[in-house]
Amino acid sequence: MLRTRPVYPPLFLKLRATRSIMRGGGRADYLLEGRTAPQLFIVRISDNGGGIHDLDSILEGRYQSRTGMGLGIVGARRLMDQFQIDSAAGKGTTVSLKKLLPRRAPVINGPELATIAAILHQERPQNAFEELQHQNQELLRALEEIRTRQAELTRLNRELEDTNRGVVALYAELDEKADILRRADDLKSKFLSNMSHEFRSPLNSILALSGLLLNRSDGDLTAPQHQQVVYVRKAAQDLLELVNDLLDLAKVEAGKVEVRPLEFEVENLFAALRGMLRPLLLNQSVELVFEDATNIPSLFSDEGKVSQILRNFISNALKFTERGDIRVSAALEGEGGIQFLVSDSGIGIAPENIDLIFQDFAQIDSHLQKRVKGTGLGLPLSKKLATVLGGSVGVESRLGSGSDFTLHIPMRYRGDEPEVIVTPLAVLPDPHMLPVLVVEDKPEMMMMYRSYLAGSGFEMVPASTTREGEEVLSRLRPVAIILDIVLRSEDTWAFMAQLKKDDRTRDIPVLVASTIEDRNKGFHLGVESYLLKPFEQADLIRELRALTGQTDAKKVLVIDDQERDRYLLKQRLRGLPLMILEAPGGMEGLRMASKASPDVIFLDLVMPDLTGFEVLDRLKIDPDLANIPVIITTSQILSENEQQRLLQRTVAILSKGRLEQTDFTELLGYAGIQRPSSEKAL
């Protein structure tokens, strides 16, 4: 903390508020908070005077001073990130000002603060006259600097006027040429569009009529006639493919491609491609393999265009691979990116031809080229579509041993106007749930929050940037905000200060969840709670309930090695005010029971590490766990003896086959959570 001298009464100031503080002696304290940039600069001024009688009218901008405009306090509030003033008649006045320093400013530590304090102490005026002299000297230096800058500004303005005249003339010439190019481009686009339509109509007719002939709708064909119709149909299909590719290229070049981003799963995309391309796999010596993509988070992009690019990659691989396999995979890369890879064991591409394959109509001679002719537009189109999606394509190839084609795109598509496509509110929150805005840029952390909040009564509203967070807040009022401090180098401290400065969001509690330990700065900016990553689900739910005034929900622990069965049970419990914890085995279940102290346990009987009977035995011998109610969930058909033995140590037995017919409100009554019924075995 850096503290300065007492402030003397005769200080030359105009504000009544400041004069009130000065009257009779006051104190000014200067503090720097935080160990990371940007630091928080805090000024506190206090006195024991008579207070400010017109404070409300001053803050509302209605007060006019007899000796000035009376805007000092209002101006100070606008200049600072946070402003607070407390004043009462006879009790004095306290003003608190907070401002985030520039991010590029060096972080000031303890020794540097001591040096600054020593300098200020040495320069301290002995009386009010010296203080006034010191201020006048500083004012004269500031005026001289303003004169110098004014002269420099006048010179620069003259140079700028000369430059502007040249730029205006250049712009006029450029506008004329741009207009010529626009007209030419429009003519080309109209020509391609009209010609594509004119071509498509007869081609579709040829395909339909040839299909009728091949289906023998009007009588049988001779063998030569059949072959001739097949040739006609194949030629029409090739020409239609060429027309479609030409039209797509024309749209991309004209900037008329419309991107329709939606949430989709890579696993589902692969499944669709697998079904679409299986019929093309005519060579029994080639295997088409799609790698597992269940661990890839949801993408927000144009699924149709991603599919079109991958189809081009895979169809090329099928054409130029005589034996071996073609593998399609996806992997996360970098900050918020994903890479799709199509790898084949085909004939490969020579190094000198790598750039050629992405040129329009370019085709490389090979012994397979005559048999598998194409349009030469698939790869150029794929490259341009990838650029539209904000990504790129690449290729690595080894002549004679195969090629690797890659597509790199961001996980979340961002067009020229990212605010128009609002990912967080694509689906409105459930009105029966409490919305929580989560500002986090890492997909894996978003998945964790979604899992942690499931079944807690809170619903996550995601935002990967502060701009998305502002968009959400303009359309929805969450009960709380979870904020990460490190968001792709964004200044989230300034976002935090703005939240607490804005009347619309000041009262929304903020929970900072970060790897950075800077609690004091957070609390000074108005953060209500602070969690260091990594943290447990129970910690998050506890903090959210404390911030929002929610009563603690009952904790339910589900111990079952089958993920499907755990999911089904969670779905049946979803509408109840419960916090649901999961354990994929007996040992993990015992560990979680010891740590979380659940109110009730749903226990499966058949698990690979410990059986349900063994888990029950260990629960009953632990004095801290012995009294937790247990409900058995099983698919086994139990004997009368087994049922009686279990009911002596549990509150109910639930058959997994009767989940849909079970009233869980009534079932939980056996554990003391809801009103109990009379029957025990279900």
Side-chain angles (χ1 to χ4, degrees), residues 241 262-334 337-351 353-354 357-358 363-364 366-369 371-375 377-383 385-386 389 391-411 443-444 447 563-564:
E241 182 182 352
L262 292 170
E263 293 276 355
F264 67 93
E265 303 292 338
V266 176
E267 185 180 12
N268 295 337
L269 171 66
F270 281 4
L273 286 171
R274 186 185 296 111
M276 194 182 307
L277 295 168
R278 283 289 184 191
L280 301 180
L281 191 60
L282 303 177
N283 188 348
Q284 300 298 318
S285 301
V286 178
E287 183 181 7
L288 178 59
V289 179
F290 286 84
E291 303 285 356
D292 180 48
T294 54
N295 62 325
I296 304 295
S298 299
L299 269 68
F300 182 71
S301 190
D302 191 320
E303 183 177 7
K305 290 178 175 53
V306 175
S307 175
Q308 186 175 358
I309 296 170
L310 294 180
R311 281 202 312 271
N312 283 331
F313 288 171
I314 298 170
S315 60
N316 273 355
L318 289 170
K319 290 176 183 177
F320 297 104
T321 302
E322 296 178 288
R323 63 182 59 84
D325 58 16
I326 298 167
R327 294 190 171 271
V328 185
S329 61
L332 299 177
E333 64 173 4
I338 185 171
Q339 171 188 281
F340 292 94
L341 172 65
V342 178
S343 179
D344 66 64
S345 57
I347 61 175
I349 307 168
N353 293 327
I354 292 292
I357 62 175
F358 289 106
Q363 299 191 37
I364 302 169
S366 70
H367 67 281
L368 295 176
Q369 190 63 51
R371 179 161 55 88
V372 291
K373 287 183 178 179
T375 64
L377 294 175
L379 291 178
L381 178 59
S382 297
K383 182 177 181 180
L385 288 177
L389 295 177
S392 62
V393 297
V395 61
E396 293 182 4
S397 186
R398 305 153 300 279
L399 191 60
S401 60
S403 305
D404 295 333
F405 283 86
T406 54
L407 167 63
H408 307 267
I409 59 171
M411 294 285 294
E444 60 272 20
M447 291 179 65
E563 183 178 359
R564 179 191 66 255

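The structure displayed is predicted, hence computed values, not measured ones.
Put simply, CD1 on I314 and CD1 on I309 are 12.0 Å apart, with the number rounded to the nearest 0.5 Å. The line from CD of E396 to OG of S343 is 10.0 Å long, rounded to the nearest 0.5 Å. The structure places CD of E267 at 6.5 Å from CG of D292, a figure rounded to the nearest 0.5 Å. The line from CG of D344 to CG of D325 is 9.0 Å long, rounded to the nearest 0.5 Å. Here I409 contributes atom CD1 and I338 contributes atom CD1; the two are 6.5 Å apart, rounded to the nearest 0.5 Å. Taken from OG in S301 to CE in M411, the straight-line distance is 10.0 Å, to the nearest 0.5 Å.
In E444, the CD atom is crowded: over 12 heavy atoms of neighbouring residues, nucleotides or ligands sit closer than 6.0 Å.
Across all their heavy atoms, P297 and P443 have their closest contact at CG-CB, 3.9 Å. Of all the heavy atoms in I296 and A330, the pair that sits closest is CD1-O, 3.8 Å.
The backbone N or O of N312 sits less than 3.5 Å from a side-chain atom of S315, completing a donor-acceptor pair. In this structure, S307 contributes its side chain and E303 its backbone to no donor-acceptor pair below 3.5 Å. For S397 (side chain) and G402 (main-chain N/O), a donor-acceptor pair under 3.5 Å exists by modelled atom type. With hydrogens and angles disregarded, a donor-acceptor distance shorter than 3.5 Å links the side chain of S345 to the backbone of R323.
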Exercise for review: Please report the C-alpha distance between L269 and L299 in whole Å, then the side-chain angles of each, then the deciding distance to 0.1 Å, and finally whether the side-chain contact (heavy atoms from CB on, under 4.5 Å) criterion is met.
Suggested key: CA-CA 10 Å; L269 171 66; L299 269 68; over 6 Å; no
Practice item. Please assess L288 against R274 for the test side-chain contact (heavy atoms from CB on, under 4.5 Å), listing each intermediate value before the final yes or no. Key: CA-CA 8 Å; L288 178 59; R274 186 185 296 111; 5.8 Å; no
Point to revise | Residues L389, L385; criterion side-chain contact (heavy atoms from CB on, under 4.5 Å); working and verdict | key: CA-CA 6 Å; L389 295 177; L385 288 177; 5.6 Å; no
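Contact check for V306 versus L310: side-chain heavy atoms found under the 4.5 Å cut-off.
Ring orientation note: the planes of F290 and F270 are tilted relative to one another, at an angle of 30° to 60°.
Checking L407, V328, V393, T406 one by one against F340, the side chain to side chain contact (heavy atoms under 4.5 Å, CB included) holds for a single residue, L407.
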